[in-house]
Structures are given as C-alpha cells and as structure tokens.
Amino acid sequence: MPDRRTAQEALQRLTVDVADWPEKGVTFKDITPVLADHNAFSAIITALAAVGRDDHGTVVVDKVVGMEARGFILAAPVALALGVGFVPVRKAGKLPREAHAVSYSLEYGEATLEVHTDAITPGERVLMVDDVLATGGTAVATRRLIEACGGVATGASVLMELSFLGPRGVTGDLPVESLLTI
C-alpha cells in the first residue's frame, strides 16, 4: 500500500527524538515535523484511517476516538476521512458535562482519562487513534471508557509502537495497527 509505505518513511525521516523530556530517562517522539509536512500528514491520515475500513474499503466503524493530546490531531482528520464522528478522550477535569473516568499508569506516572457519558451510544463500533503506543495503559483505559458508554472498541490505529515497553502484553485482544514499530 503506497500511502502506508509513504507514511512509514515520513515517520522515520521526520520524527525527532527528544531526550529526557518530559522527564529524565524518557525519550519523547516529536511528530510536529511530520504534521508540518502536508504530504507526510496526508499519507499518515490515509494509513491510520485504513484500519476503519474492511478489505473492500467499506467503513466499519461509527466513531473515532482520539486520546489527549496528540491523538486529537490525528483522530479528527481520520474521522473526517471515514465520514464518521470524532470523540475526544480528555485528561481529568477538562470535560464540561457528566463523564466516565478511568485512572491508569503510563510510562512516567499516573493519569486519569474521561469521556462524556453520551459521546458513544450503546453498540457503536469505535476506532481508537493515538500517536504512540508505549506501555499500553492509555489504550486500555480508553477501551474501558468506550465500553462504559456501551460502545465496542474495534481496534487501535497508532503512528508508532514502542515495542521495547511491551504494550501488546497489556492491550490483550485489542487489535492494534501501528505504522512504525520501534
């Protein structure tokens, strides 16, 4: 698939490693140069959206969820590409109405994510989109939020997976498609 290959090449070429950020010992994957390149960004969105389609190109999801914060940047255009709605999963205290909340561990601390209780209706099929699959905690927490609303997490589509952190051991049976595995 040319868009997938183009997306992978762009990620390898344009992602910048930032040592010791946001804290010592963590290497942050800065994707802003990828986003600033129109061709790379377009290829990435097309490749991420492919996970929300079947082998014939038919859309098989009802919503796309993006996790704060960089997941928003990716998930919203993926939702547009698929012709479905976008749902933000936010950090605690950022949503103005009643929300489900899930706390979890991530690679450098603890966090709580929330989603509006009415953002996903029972039975809706939901594609999760994020930038990096690291420890798997964010993906598991987001899946729990989708299920708390009555939705079905059909899978996750991510830019890159940090395989050395073992996220697949945490995500269980959730199908995860990563454009780049590190």
Side-chain angles (χ1 to χ4, degrees), residues 1-15 29 31 34-35 37-89 102 113 115 118-182:
M1 167 186 291
D3 286 316
R4 181 178 176 82
R5 198 167 27 260
T6 301
Q8 290 168 329
E9 290 168 359
L11 283 171
Q12 290 172 329
R13 182 172 44 85
L14 297 171
T15 300
K29 299 293 188 184
I31 63 164
V34 179
L35 302 174
D37 182 299
H38 178 267
N39 292 332
F41 192 31
S42 295
I44 285 165
I45 295 307
T46 300
L48 291 172
V51 179
R53 299 180 187 278
D54 67 14
D55 292 339
H56 303 289
T58 303
V59 174
V60 294
V61 297
D62 303 301
K63 296 268 175 71
V64 173
V65 163
M67 294 82 118
E68 189 162 335
R70 296 187 301 173
F72 293 174
I73 297 167
L74 302 168
V78 166
L80 287 173
L82 293 172
V84 301
F86 164 71
V87 175
V89 167
V102 172
L113 293 177
V115 68
D118 62 354
I120 298 164
T121 58
E124 282 189 312
R125 301 160 300 168
V126 181
L127 173 63
M128 299 163 33
V129 174
D130 208 357
D131 60 332
V132 176
L133 179 67
T135 63
T138 301
V140 171
T142 300
R143 182 181 193 175
R144 289 177 51 204
L145 289 171
I146 292 165
E147 291 170 350
C149 292
V152 177
T154 61
S157 187
V158 299
L159 288 183
M160 59 189 83
E161 174 183 348
L162 306 181
S163 62
F164 59 90
L165 293 175
R168 303 264 180 158
V170 175
T171 57
D173 65 348
L174 179 71
V176 177
E177 185 69 33
S178 175
L179 295 179
L180 187 64
T181 301
I182 299 169

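Numbers for residues simply follow the sequence, beginning at 1.
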Can you list every pair that meets salt bridge (charged side-chain N to carboxylate O under 4.0 Å, His left out) and has a residue in [range], with sequence neighbours left out?
range          : result
residues 51-62 : Asp62-Arg125
residues 75-86 : none
residues 42-52 : none

Closest contact, heavy atoms only, [X] versus [Y]:
X      : Y      : answer
Ala134 : Leu165 : O-CB, 3.5 Å
Leu113 : Ala141 : CD1-CB, 4.3 Å
Leu14  : Ala40  : CD1-CB, 3.9 Å
Thr6   : Ala43  : CG2-CB, 3.7 Å
Ile146 : Ala153 : CG2-N, 3.9 Å
Ile120 : Gly151 : CG2-CA, 3.8 Å

| field | Which residues share a side-chain contact (heavy atoms from CB on, under 4.5 Å) with Val158, sequence neighbours left out | value |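 Expected list: Asp130, Leu133, Val176, Ser178.
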| field | With sequence neighbours excluded, residues passing side chain to side chain donor-acceptor pair (under 3.5 Å) with Thr121 | value |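 Side chain to side chain donor-acceptor pair (under 3.5 Å) check on Thr121 returns Glu124.
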| query | By side chain to side chain donor-acceptor pair (under 3.5 Å), which residues pair with Glu147, not counting sequence neighbours? | reply |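 Glu147 satisfies side chain to side chain donor-acceptor pair (under 3.5 Å) with Arg143 once adjacent residues are dropped.
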Atom pairs and distances, donor-acceptor, side-chain atoms in residues 67-85, under 3.5 Å, two or more places apart:
residue, atom, partner, partner atom, Å
Glu68, OE1, Arg90, NE, 2.5
Glu68, OE1, Arg90, NH2, 3.4
Glu68, OE1, Lys91, N, 3.0
Arg70, NE, Asp131, OD2, 2.4
Arg70, NH1, Lys29, O, 2.5
Arg70, NH2, Lys29, O, 3.3
Arg70, NH2, Asp131, OD2, 2.3

| With a 4.5 Å heavy-atom cut-off, do Ile31 and Met160 have their side chains touching? |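 SC-SC contact between Ile31 and Met160 confirmed.
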| said: Once rounded to the nearest 0.5 Å, what's the spacing between atom CD of Glu9 and atom CG of Leu180? | reply: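 The distance works out to 11.0 Å.
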| OG1-NZ distance between Thr154 and Lys63, expressed to the nearest 0.5 angstrom |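 Result: 13.0 Å between the selected atoms.
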| query | Hey, is the main chain of Pro167 close enough, under 3.5 Å, to the side chain of Thr135 for a donor-acceptor pair? | reply |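 The answer is no, because no donor-acceptor pair under 3.5 Å joins these two groups.
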| said: Strictly distance-based, threshold 3.5 Å: is any side-chain N or O of Gln8 a donor or acceptor partner for the main-chain N or O of Leu179? | reply: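 Present.
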| field | CA sep, side-chain torsions, deciding dist, call: Met128, Leu174, side-chain contact (heavy atoms from CB on, under 4.5 Å) | value | CA-CA 10 Å; Met128 299 163 33; Leu174 179 71; 3.9 Å; yes
| task | List for me each residue that meets salt bridge (charged side-chain N to carboxylate O under 4.0 Å, His left out) alongside Arg168, sequence neighbours excluded, and say none if there are none. | result |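 Applying salt bridge (charged side-chain N to carboxylate O under 4.0 Å, His left out) to Arg168 gives Glu161.
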| request: With sequence neighbours excluded, tell me which residues meet salt bridge (charged side-chain N to carboxylate O under 4.0 Å, His left out) with Asp118. | output: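 Scan of Asp118 (salt bridge (charged side-chain N to carboxylate O under 4.0 Å, His left out), adjacent residues dropped) gives Arg97.
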| task | Show the numbers, then the answer: is there a side-chain contact (heavy atoms from CB on, under 4.5 Å) between Val115 and Val65? | result | CA-CA 10 Å; Val115 68; Val65 163; 5.9 Å; no
